[in-house]
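See structure below.
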Amino acid sequence: MVERQLAEQGKSRRGLGREAFLEATWSWKEQYHGNIRAQLDQLGASCDWSRERFTLDEQLSEAVLEAFVRLYDEGLIYRGEYIVNWSPNLDTAISDLEVEMKEVRGNLYHVAYPIEGSDERVVVATTRPETLLGDTAVAMHPDDERYQHLKAAHALLPLVGRRLPFICDEVVERDFGTGLVKVTPFHDPNDFEMGRRHGLESIQVIGRDGRMTEAAGPDFAGLDRFEARRKVVERLAEEGLLLKVEEHVHNVGHSQRGGEPVEPLVSTQWFCDVSGMAARALAAVEEGELQLVPDSWNKTWEHWLANIRPWCISRQLWWGHRIPAWYTPGGEVVVARTFEEAAAKAGTEELTRDEDVLDTWFSSALWPFSTLGWPHDTEDFRTFYPTDVLITGYDILFFWVARMVMSGLHFTDRLPFRAVHLTGLVRDADGQKMSKTRGNTVDPLDLVAEYGADALRFTLTALDIPGRDISLDPERLRGYRAFGNKIWNATRFALSRVGGAEVQPSLDTAALEAPERWILSRLAKTADEVSEKLEIFRFDEACHRLYHFFWHELCDWYLEISKPALSGDAPRPQVGEVVLTVLDRSLRLLHPVMPFLTEELWQRLPGHEAIDSRSIALAPYPQAEQGWTDDEAEARIEQLIAVVTRVRSLRGELQLPASAELKLFLATEDAAAREFLAAQRVLLGHLLRIGDIALEAAPEGASRDLVAGVEVALVAERQPMGELDRQRLEKEAEKVAGEIRAAEARLGNESFLAKAPPAVVEGNRQRLAELKERHAHLVASLDEG
RNA sequence: AGGCCCGUAGCUCAGUUGGUUAGAGCGCUACGUUGACAUCGUAGAGGUCAGCGGUUCAAGUCCGCUCGGGCCUACCA
């Protein structure tokens with residue numbers, strides 16, 4: 001990022017000098033550290049800030065040195081000349097993971113290579129003609145009959161005239177192009193391998209700056225690699241050696257940080273052999289010791305680790321952990337933790353330190369234990385290692401997670417965590433991944449300013465669906481901000497109505513009436529489900545459950561049901577205490593997702609000190625109270641809700657104006673239900689805004705329906721059934737009739753009766769009976785009307 | 001080339017081991033405001049679950065194929 005900024009100002013790190021560059025980088029680091037801290041603070045992250053670390057802190061640097069030296073001593077880190085991915089813009093090698101494959105429309109150039117001492121020519125196909133200047137062989141498949149006669153021959157390299165031997169190698173595909181491949185060991189990974197196998201000469205024609213070298217010849221030296229391509233093509237055409245140019249779509253590796261196409265080239269780098277660690281990391285997931293969530297990542301994990309290659313860990317950069325290697329005047333390598341140690345090992349102080357730094361991910365791989373004091377046996381390390389769960393985006397599964405697992409197993413012999421929860425990526429409006437490099441990030445601070453931290457947290461948590469990315473929809477943010485508003489208003493309302501009541505640490509439900517027992521039962525079940533969802537990392541479902549409970553059970557029903565009681569019109573014992581107690585538990589359940597709002601409100605609940613006198617963050621997370629579940633109360637209130645809802649719908653279907661004088665008839669053969677409904681006459685009147693409610697069968701001419709075993713019927717003054725009402729009722733009756741036909745068909749099926757579980761069959765029978773009864777009521781209503 | 005994921009209401013998405021009538025939020029329509037909340041309430045409309053075939057008494061759910069979209073991995077130059 002710093003280099004990017006410099007480039008925008010027309011500067012480079014080489015031009016700036018090492019010291020000034022490091023200074024600029026440190027100030028950049030300070031600035032971004034400040035930003036990140038501000039973001040975490042405003043989002044309400046409750047971290048242990050006393051243990052905040054930066055990768056270049058002394059403690060972590062010590063861990064990096066220790067890890068490097070140990071791996072070197074074990075023979076797992078080595079220095080060697082290999083082909084690597086070179087980023088000319090950054091002027092450094094990068095690892096395989098930092099190469100991004102992009103589909104590019106290019107050309108496939110067919111070039112004729114004359115055969116020495118013959119009129120024959122062979123044709124090779126290439127996408128990168130400029131590398132031709134560094135060719136040192138032509139390869140064929142050993143069994144390719146077309147070219148057997150050339151095995152002992154030599155081709156003459158166009159424009160250069162170099163004699164190229166023919167070699168045979170299995171990697172050559174006979175069907176691609178002409179079945180012959182030009183071999184450029186210095187500039188192509190495949191060719192590099194082939195060059196090693198066949199002892200080929202290796203010529204560097206493209207330099208680290210992306211320009212052609214002296215070895216490319218006087219006509220090309222100094223040209224940019226892409227200019228060189230044009231010129232080579234031009235020259236080939238002039239000489240009549242360019243036979244064909246086909247359009248060709250292929251994947252080209254691009255430097256993830258630099259953005260330009262990588263230039264594979266041979267250089268001396270430090271590598272880490274991770275094959276052994278990879279095998280252990282692979283086994284950890286296979287044997288279930290390490291859980292990936294969702295486990296659809298297991299296969300990807302397996303594939304990557306099973307095919308892992310040596311990790312190029314050196315970078316030709318100035319910012320990072322310097323590689324702890326020194327060279328004697330004789331060119332001998334000494335790896336040690338300190339200069340003194342190196343001098344002692346080498347027997348001389350005349351040492352030059354390796355200029356390179358380590359890939360930043362090398363230190364990141366040690367994070368879970370280096371931050372706790374490793375390699376020292378500290379109290380922190382003993383107390384907190386291994387950790388439990390890592391939550392992160394799947395885009396750094398290999399960059400970071402796999403490497404932490406590998407190094408954790410290697411250095412501590414334990415997994416750094418037992419589970420990895422992989423979240424989706426937050427994408428922008430175009431579905432593009434947000435990244436610093438792309439510059440399309442949304443600053444959480446802006447979202448916090450507009451919607452509040454609680455709404456943002458709730459939105460991100462509710463949208464964390466396994467295996468899915470998050471597209472940040474402003475509508476969702478608005479919706480969850482409204483939820484926060486709802487919580488605020490509901491609490492404010494409660495506080496104004498509960499008199500001297502206080503939050504209760506526990507409640508004896510025996511003395512309570514049905515509505516109170518109902519909401520406490522719903523609360524207990526909600527707490528139970530939320531805990532369950534959190535355990536299995538379904539944070540989205542936990543959020544939805546809480547949202548539904550608070551808004552649609554607590555606010556829409558319980559608080560409405562409680563209004564007559566709270567105002568004294570139909571008092572019930574301990575209503576205020578129950579309201580406050582339910583709010584207390586609800587706020588605590590919501591606190592991890594909406595920390596600011598819940599703390600603010602909770603502090604205002606009278607009696608919250610009995611739970612915790614300091615902060616809601618320190619109060620225990622509510623568990624399901626077994627004594628509160630009450631199926632009988634739930635059945636009662638559910639029936640009441642069903643009746644109320646049906647009456648409201650009926651009124652809507654009949655298009656009765658809100659001002660219409662109505663009489664409601666409720667009739668049921670269930671004595672207990674009848675008694676309960678009769679006792680709730682005031683409440684029903686409040687919920688339905690109907691003053692006249694009779695617990696008896698309706699007279700003829702009423703619009704009636706059956707719901708939850710209760711016949712509900714409405715009679716409006718001077719309101720004969722109109723054609724519209726008739727149509728609506730007929731539509732409803734026809735819908736029910738359709739369901740009856742479906743159920744009858746199912747129950748008439750011998751196979752169904754024989755093979756379906758008895759409970760399912762019985763369920764269908766009951767359902768059919770209910771449908772028939774309901775249909776009868778609807779028809780009666782129509783007949784009478 | 002291989003692997004993974006997705007396709008369900010106008011939009012963004014749920015839908016556990018196959019089982020009655022496929023859900024939510026937003027949006028839309030109608031009605032509603034004397035005291036928690038219009039950042040609201042009540043009711044409602046809206047879906048051949050991408051398509052085809054198969055397994056099954058029963059498929060949004062399991063299997064196969066096709067189409068469409070995304071991602072990851074990969075040494076066809």
Side-chain angles (χ1 to χ4, degrees), chain A residues 83 96 101 108-109 124-128 131 139 171-173 175-178 180-184 188-194 248 250-251 264 294 296-300 302-304 307 394-395 397-398 425 431 433 462-463 465-476 478-497 536 538 540-541 544 547-548 552 555-556 559-560 563 567 644-645 648-653 655-658 688-689 735-736 738-739 742-743 746 749-757 759-761 763-768 771:
Chain A
I83 193 153
D96 295 343
M101 301 305 277
L108 191 59
Y109 301 88
V124 300
T126 179
T127 53
R128 301 194 57 198
T131 64
V171 302
V172 179
E173 296 283 337
D175 321 332
F176 188 87
T178 57
L180 288 177
V181 188
K182 62 190 240 11
V183 183
T184 320
D188 182 280
N190 261 330
D191 297 1
F192 176 78
E193 295 295 332
M194 269 197 272
H248 184 65
H250 60 140
N251 286 315
S296 50
W297 286 104
N298 288 4
K299 278 196 174 177
T300 309
E302 191 183 306
H303 183 261
W304 191 73
N307 296 295
Y394 63 78
D395 55 332
L397 181 60
F398 301 128
L425 267 35
K433 189 165 111 177
L463 258 40
I465 295 149
R468 259 198 126 98
D469 284 341
I470 297 171
S471 52
L472 255 193
D473 182 359
E475 285 304 316
R476 283 278 178 135
R478 271 194 276 278
Y480 291 129
R481 184 179 57 188
F483 180 49
N485 188 60
K486 190 73 179 175
I487 296 169
W488 179 271
N489 278 311
T491 307
R492 202 177 54 148
F493 165 72
L495 290 176
S496 72
R497 298 295 186 86
I536 59 169
R538 287 306 301 260
D540 58 326
E541 292 186 343
H544 292 141
Y547 181 99
H548 188 266
H552 299 301
C555 292
D556 287 353
L559 290 183
E560 289 305 321
K563 278 179 182 173
S567 68
V644 168
T645 304
R648 285 170 176 167
S649 310
L650 211 50
R651 180 146 62 180
E653 283 162 24
Q655 294 200 309
L656 298 171
L688 290 166
R689 297 190 180 178
K735 193 175 147 198
V736 174
E739 286 168 25
R746 200 171 5 250
N749 185 332
E750 299 254 342
S751 301
F752 175 72
L753 296 175
K755 294 182 181 176
V760 173
V761 175
N764 272 274
R765 286 215 173 93
Q766 274 183 23
R767 163 124 187 95
L768 180 59
L771 285 169

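- Note on A:Ser649: a side-chain N or O is less than 4.0 Å away from OP1 or OP2 of B:G44.
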Restricting to nitrogen or oxygen on both sides, can you table the protein-nucleotides 26-29 of chain B pairs closer than 3.5 Å?
| from | atom 1 | to | atom 2 | distance (Å) |
| --- | --- | --- | --- | --- |
| B:C26 | O2' | A:Glu475 | OE1 | 2.8 |

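- Put simply, OH on A:Tyr480 is 9 Å from P on B:G25, counting in whole angstrom units.
- Among the nucleotides B:G25, B:A36, B:A77, the one closest to any side-chain atom of A:Glu173 is B:A77.
- In RNA chain B, the stems built from three or more successive Watson-Crick or G-U pairs (distances below 3.5 Å) are B:1-7 with B:67-73, B:10-13 with B:23-26, B:28-32 with B:40-44, B:50-54 with B:62-66.
- Minimum atom distance to the side chain of A:Lys486 is reached by B:C40, of the listed B:C40, B:U73, B:U21.
- Take A:Tyr480 and apply the ring pair (Phe, Tyr, Trp, His ring centres under 6.0 Å) test, not counting sequence neighbours, and it matches A:Phe458, A:Tyr547.
- Nucleotide B:C37 holds its P atom 11 Å from the CD atom of A:Glu560, rounded to whole Å.
- Scanning for side-chain hydrogen bond (donor to acceptor under 3.5 Å, both in side chains) contacts around A:Glu173 gives an empty result, with sequence neighbours left out.
- Residues satisfying the side-chain hydrogen bond (donor to acceptor under 3.5 Å, both in side chains) test with A:Arg481, not counting sequence neighbours, are none.
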Would you mind writing out the side-chain donor-acceptor pairs for residues 488-496 of chain A within the sub-3.5 Å range, not counting sequence neighbours?
| from | atom 1 | to | atom 2 | distance (Å) |
| --- | --- | --- | --- | --- |
| A:Asn489 | OD1 | A:Arg492 | NH2 | 3.1 |
| A:Asn489 | ND2 | A:Asn485 | O | 3.3 |
| A:Thr491 | OG1 | A:Ile487 | O | 2.8 |
| A:Ser496 | OG | A:Phe493 | O | 2.7 |

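- Counting atom types as modelled, A:Arg476 pairs a side-chain N or O with a base atom of B:U12 as donor and acceptor under 3.5 Å.
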Between the protein and nucleotides 1-4 of chain B, which nitrogen or oxygen pairs are less than 3.5 angstrom apart?
| from | atom 1 | to | atom 2 | distance (Å) |
| --- | --- | --- | --- | --- |
| B:C4 | OP1 | A:Lys299 | NZ | 2.9 |

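- Listed by chain and residue number, A:Asp188 satisfy the side-chain contact (heavy atoms from CB on, under 4.5 Å) test with A:Asn190 (two or more places apart in sequence, or in another chain).
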Using a cut-off of under 3.5 Å, enumerate the N/O to N/O pairs linking the protein to nucleotides 14-19 of chain B.
| from | atom 1 | to | atom 2 | distance (Å) |
| --- | --- | --- | --- | --- |
| B:A14 | OP1 | A:Arg468 | NE | 3.4 |
| B:A14 | OP1 | A:Arg468 | NH1 | 3.4 |
| B:A14 | OP2 | A:Arg468 | NH1 | 2.8 |
| B:G15 | OP1 | A:Arg538 | NH1 | 3.4 |
| B:G15 | OP1 | A:Arg538 | NH2 | 3.4 |

Pull out every protein N or O sitting under 3.5 Å from an N or O of nucleotides 59-62 of chain B, one pair per line with the distance.
none

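- Residues meeting the side-chain hydrogen bond (donor to acceptor under 3.5 Å, both in side chains) test with A:Arg497, sequence neighbours left out: none.
- Under the rule for a side-chain contact (heavy atoms from CB on, under 4.5 Å), the partners of A:Thr127 that lie at least two apart in sequence or sit in another chain are A:Leu108, A:His248, A:His250.
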